[in-house]
2 protein chains.
Amino acid sequence: MSGDAEITRLKPGRRTDIRRENERAILEAAEKVFAEAGFGGATMQLIADMAGLPKANLHYYFATKEDLYRRVVQQIFEIWLDAASSFDDAPGPVEGIGAYIDAKMDISRTHPHGSKVWASEVMHGAPVIQDYLETTLRDWTEGRIAVIRRWIDEGKMRPVDPRHLLYLLWATTQHYADFGHQIQTLNAGKPLSDRQWAEAKASVKDMVLRGIGAI
Amino acid sequence: MSGDAEITRLKPGRRTDIRRENERAILEAAEKVFAEAGFGGATMQLIADMAGLPKANLHYYFATKEDLYRRVVQQIFEIWLDAASSFDDAPGPVEGIGAYIDAKMDISRTHPHGSKVWASEVMHGAPVIQDYLETTLRDWTEGRIAVIRRWIDEGKMRPVDPRHLLYLLWATTQHYADFGHQIQTLNAGKPLSDRQWAEAKASVKDMVLRGIGAI
DNA sequence: ATTCTTGTTGACCGATTGGTCAGGTTGTGC
DNA sequence: GCACAACCTGACCAATCGGTCAACAAGAAT
């Protein structure tokens with residue numbers, strides 16, 4: 001599907017490093033292959049080639065294709081959860097939601113593959129991370145809704161539905177990763193430049209923060 | 001992946017009807033299977049079972065899996081293009097963009113499968129509809145940007161970047177289809193009710209139209 | 001230096017896949 | 001009712017897949 005060169009593998013080093021380095025290379029390759037081909041379209045052989053390892057070696061580190069896939073999905077989920085810290089320790093929506101948009105837009109640029117894998121997983125009914133949705137994500141969402149409600153009560157933003165605000169934030173920021181190819185095509189076929197990414201972030205923040213009456 | 005019953009097939013009827021009816025049943029089943037399993041994960045056998053036809057019959061109407069897939073993708077694209085008529089013959093952004101949001105939200109509810117297939121296709125680099133992106137979609141986008149620019153010049157909305165506004169519209173409305181499973185999980189596991197869908201549409205319109213200074 | 005654990009790999013296997021095809025059935029125009 | 005074209009389908013095939021395994025190489029502990 002793409003003739004990309006193989007993922008860069010660092011030096012082997014000591015015994016402890018071998019495992020860590022190989023798992024890293026495999027996960028990096030897997031993230032890319034799963035994103036570009038989907039779970040069903042991805043093959044262990046292709047991941048192995050891209051990681052620069054024989055296929056049998058993948059099964060030494062990851063028992064099954066599904067195990068490997070689950071690790072990739074968990075990875076992007078944790079990265080997103082970390083980005084949410086911007087939300088909590090903020091005095092108001094301008095700082096909190098503004099920083100959250102910045103963080104998620106940055107992740108869309110630096111981890112586009114992971115975002116696509118997550119989207120694909122959810123679109124297929126979340127067969128392997130349903131429990132995450134029902135526990136971690138649900139709790140996280142409730143917490144953030146409480147913060148938004150507080151801001152509304154304090155008069156720092158208009159009384160919008162916190163849930164649909166969160167959906168709008170997720171949708172818009174992740175769109176720049178998941179639909180990056182479409183955006184690139186509409187950008188004369190070239191990836192967004194540094195300047196264009198800055199403009200995108202500014203545009204999104206401007207529209208959202210005004211939309212909720214925070215500025 | 002799901003134990004759903006097979007797609008309802010209408011009566012055969014006359015000779016001309018046979019082809020039309022069978023193609024319809026196949027496309028309906030294919031849309032669902034491609035959406036739930038992805039292109040790589042979908043099997044012609046599963047589509048055939050869901051359409052209530054032997055597998056060999058699918059290949060009688062659609063030469064290859066890719067041909068069938070292409071037809072499904074084209075279908076949702078045309079539906080979306082039709083929804084854009086709301087955009088043009090509108091005096092201003094409140095009516096135009098408001099109606100566009102309504103139309104796209106309705107499609108997300110009535111055609112969630114098609115939306116997912118499109119999302120999946122774009123995420124995988126649009127291997128089979130790249131020409132559509134470069135011709136039809138690009139032209140459509142330029143036309144809508146011109147309309148938005150005119151509204152801005154006429155002082156009917158703030159001077160936001162039309163391109164990022166369109167991305168926000170696409171992302172937000174399609175999110176309710178593509179991430180419908182996640183939304184349902186966060187809604188106590190139940191699909192959005194009629195009332196909740198109405199609230200979603202109202203929330204999105206409210207935030208977006210205020211975000212661009214149209215109200 | 002010996003032993004044990006960890007890492008490496010080519011060859012292999014059963015299962016599944018998209019696609020084919022020959023031979024049959026059914027509707028339609030004449 | 002005859003002939004032609006459209007439609008139908010069970011059986012089959014080559015290719016590919018995820019996963020296994022036995023034999024081997026290499027670092028670590030003693």
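Scope of the values below: all heavy atoms of this structure, side chains included, with no hydrogens, waters or symmetry mates. Just so it is clear: chains get the letters A, B, ... in the order the sequence lines come, proteins before strands, and each one is counted from 1.
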Using a heavy-atom cut-off of under 4.0 Å over every strand shown, decide if B:A48 touches base, sugar-phosphate, or nothing. nothing
Does B:F62 reach a base, just sugar-phosphate, or nothing at all? Heavy atoms under 4.0 Å. nothing
Just how far, in rounded Å, is [atom2] of [N] from [atom1] of [X]?
X	N	atom1	atom2	answer
B:N22	C:dG27	CG	P	13 Å
A:H59	D:dC17	NE2	P	13 Å
B:D49	C:dT17	CG	P	11 Å
B:L46	C:dT16	CG	P	14 Å
A:L53	C:dG10	CG	C1'	15 Å
B:L58	C:dT17	CG	C1'	14 Å
A:D17	C:dT6	CG	P	16 Å
B:M44	C:dT20	CE	P	10 Å

Find which nucleotide of DNA chain C each of A:A56 and B:Q45 is nearest to by heavy atoms, and output the residue with the more 5' nucleotide.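 Comparing both residues, the 5'-ward one is A:A56.
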With nearest nucleotides of DNA chain D determined for A:G40 and B:P54 from heavy-atom distances, which residue corresponds to the more 5′ nucleotide?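 In this pair, the answer is B:P54.
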[options]: which one has an atom nearest the side-chain heavy atoms of [X]?
X	options	result
B:T43	C:dT17, D:dG19, D:dC8	C:dT17
B:N57	C:dG10, D:dT9, C:dT17	D:dT9
A:Y60	D:dC17, C:dG7, C:dG18	C:dG7
A:T64	D:dT9, D:dG19, D:dC8	D:dG19

Under the side-chain hydrogen bond (donor to acceptor under 3.5 Å, both in side chains) criterion, do B:Y132 and B:Q74 qualify, and how do the steps go? CA-CA 9 Å; B:Y132 271 76; B:Q74 287 176 350; 3.1 Å; yes
In terms of side-chain geometry, is the basic nitrogen of A:R20 or A:D17 positioned less than 4.0 Å from the acidic oxygen of its partner? yes
Less than 4.0 Å between a side-chain N and a carboxylate O, is that true for A:E66 and A:R70?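 Counted as a salt bridge, because a side-chain N and a carboxylate O are separated by less than 4.0 Å.
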Flag the pair A:Y167 / A:W170 as yes when their ring centroid distance falls below 6.0 Å, and as no otherwise. yes
Think B:R19 has a side-chain N or O under 4.0 angstrom from the OP1 or OP2 of D:dC7?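 So the side chain of B:R19 is within the cut-off, an N or O lying under 4.0 Å from OP1 or OP2 of D:dC7.
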Do the side-chain N or O atoms of A:Y61 get closer than 4.0 angstrom to the phosphate oxygens (OP1, OP2) of C:dT8? yes
Check whether the side chain of A:K55 and the base of D:dG18 form a donor-acceptor pair under 3.5 Å.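 Under the 3.5 Å cut-off, the side chain and the base do form a donor-acceptor pair.
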Student check: side-chain heavy atoms of B:D67 and B:Y61 closer than 4.5 Å: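 With C-beta onward as the side chain, the pair stays apart.
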